[in-house]
Amino acid sequence: MTNQSYELHDIVEMKKQHPCGENRWEIVRMGADIRIKCLGCGQLVMMPRREFNRKLKKVLEKE
């Protein structure tokens with residue numbers, strides 16, 4: 001697991017792309033769970049921080 005730093009409103013790339021075809025996500029909520037928003041279709045996905053860290057590929061843009 002990589003120890004990347006990410007903040008609220010950063011744009012991240014996940015290992016798998018969303019079914020709409022987009023692979024860029026914006027972090028919109030951080031806590032024990034992290035909520036990310038697809039920048040293609042706007043769908044919100046919430047997942048535990050541990051799962052997010054495992055699925056995160058890289059941080060594309062810092063806020």
Side-chain angles (χ1 to χ4, degrees):
M1 180 168 65
T2 60
N3 192 7
Q4 295 187 6
S5 62
Y6 44 84
E7 302 283 330
L8 196 60
H9 302 295
D10 284 353
I11 307 298
V12 297
E13 181 179 351
M14 304 303 277
K15 290 181 181 175
K16 286 185 164 183
Q17 70 180 14
H18 193 249
C20 73
E22 185 63 50
N23 201 16
R24 293 167 38 97
W25 300 80
E26 178 185 1
I27 300 173
V28 294
R29 181 190 183 278
M30 289 181 67
D33 295 327
I34 294 184
R35 179 171 286 173
I36 54 177
K37 177 179 161 186
C38 176
L39 294 179
C41 65
Q43 183 173 358
L44 295 170
V45 176
M46 184 175 248
M47 64 183 72
R49 184 180 289 264
R50 186 173 190 170
E51 181 181 345
F52 177 81
N53 287 335
R54 193 173 67 241
K55 292 183 175 184
L56 177 66
K57 187 171 184 181
K58 63 183 171 180
V59 177
L60 298 174
E61 299 173 25
K62 295 295 245 174
E63 211 257 328

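No experiment lies behind these values; they were computed from the predicted model shown.
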(request) Determine the minimum heavy-atom distance between Cys41 and His18, stating which atoms define it. (result) SG-CE1, 3.4 Å
Quick check: do [X] and [Y] have side-chain heavy atoms less than 4.5 Å from each other?
| X | Y | value |
| --- | --- | --- |
| Leu39 | Ile11 | yes |
| Lys37 | Gln43 | no |
| Leu60 | Val12 | no |
| Ile36 | Met14 | yes |
| Glu22 | Gln17 | no |
| Cys38 | Glu26 | no |
| Met47 | Asp33 | no |
| Glu13 | Arg24 | no |

(request) Rounded to the nearest 0.5 Å, what's the gap from CZ on Arg35 to CE on Met46? Could you check? (result) 4.0 Å
(message) Nearest 0.5 Å, please: how far is CZ in Arg49 from CE in Met30?
(response) 4.5 Å
(request) Report yes or no: do Ile27 and Leu44 belong to one cluster of Ile/Leu/Val/Met/Phe/Trp/Tyr joined by side chain heavy-atom distances under 4.5 Å? (result) no
(message) I'd like to know if Phe52 and Val28 are part of one continuous hydrophobic network [Ile/Leu/Val/Met/Phe/Trp/Tyr, side-chain heavy atoms within less than 4.5 Å].
(response) no
(message) More than 12 heavy atoms of other residues, nucleotides or ligands under 6.0 Å from NZ of Lys16: yes or no?
(response) no
(request) Check whether any side-chain N or O of Asn53 sits under 3.5 Å from a backbone N or O of Arg50 as a donor-acceptor pair, and report yes or no. (result) no
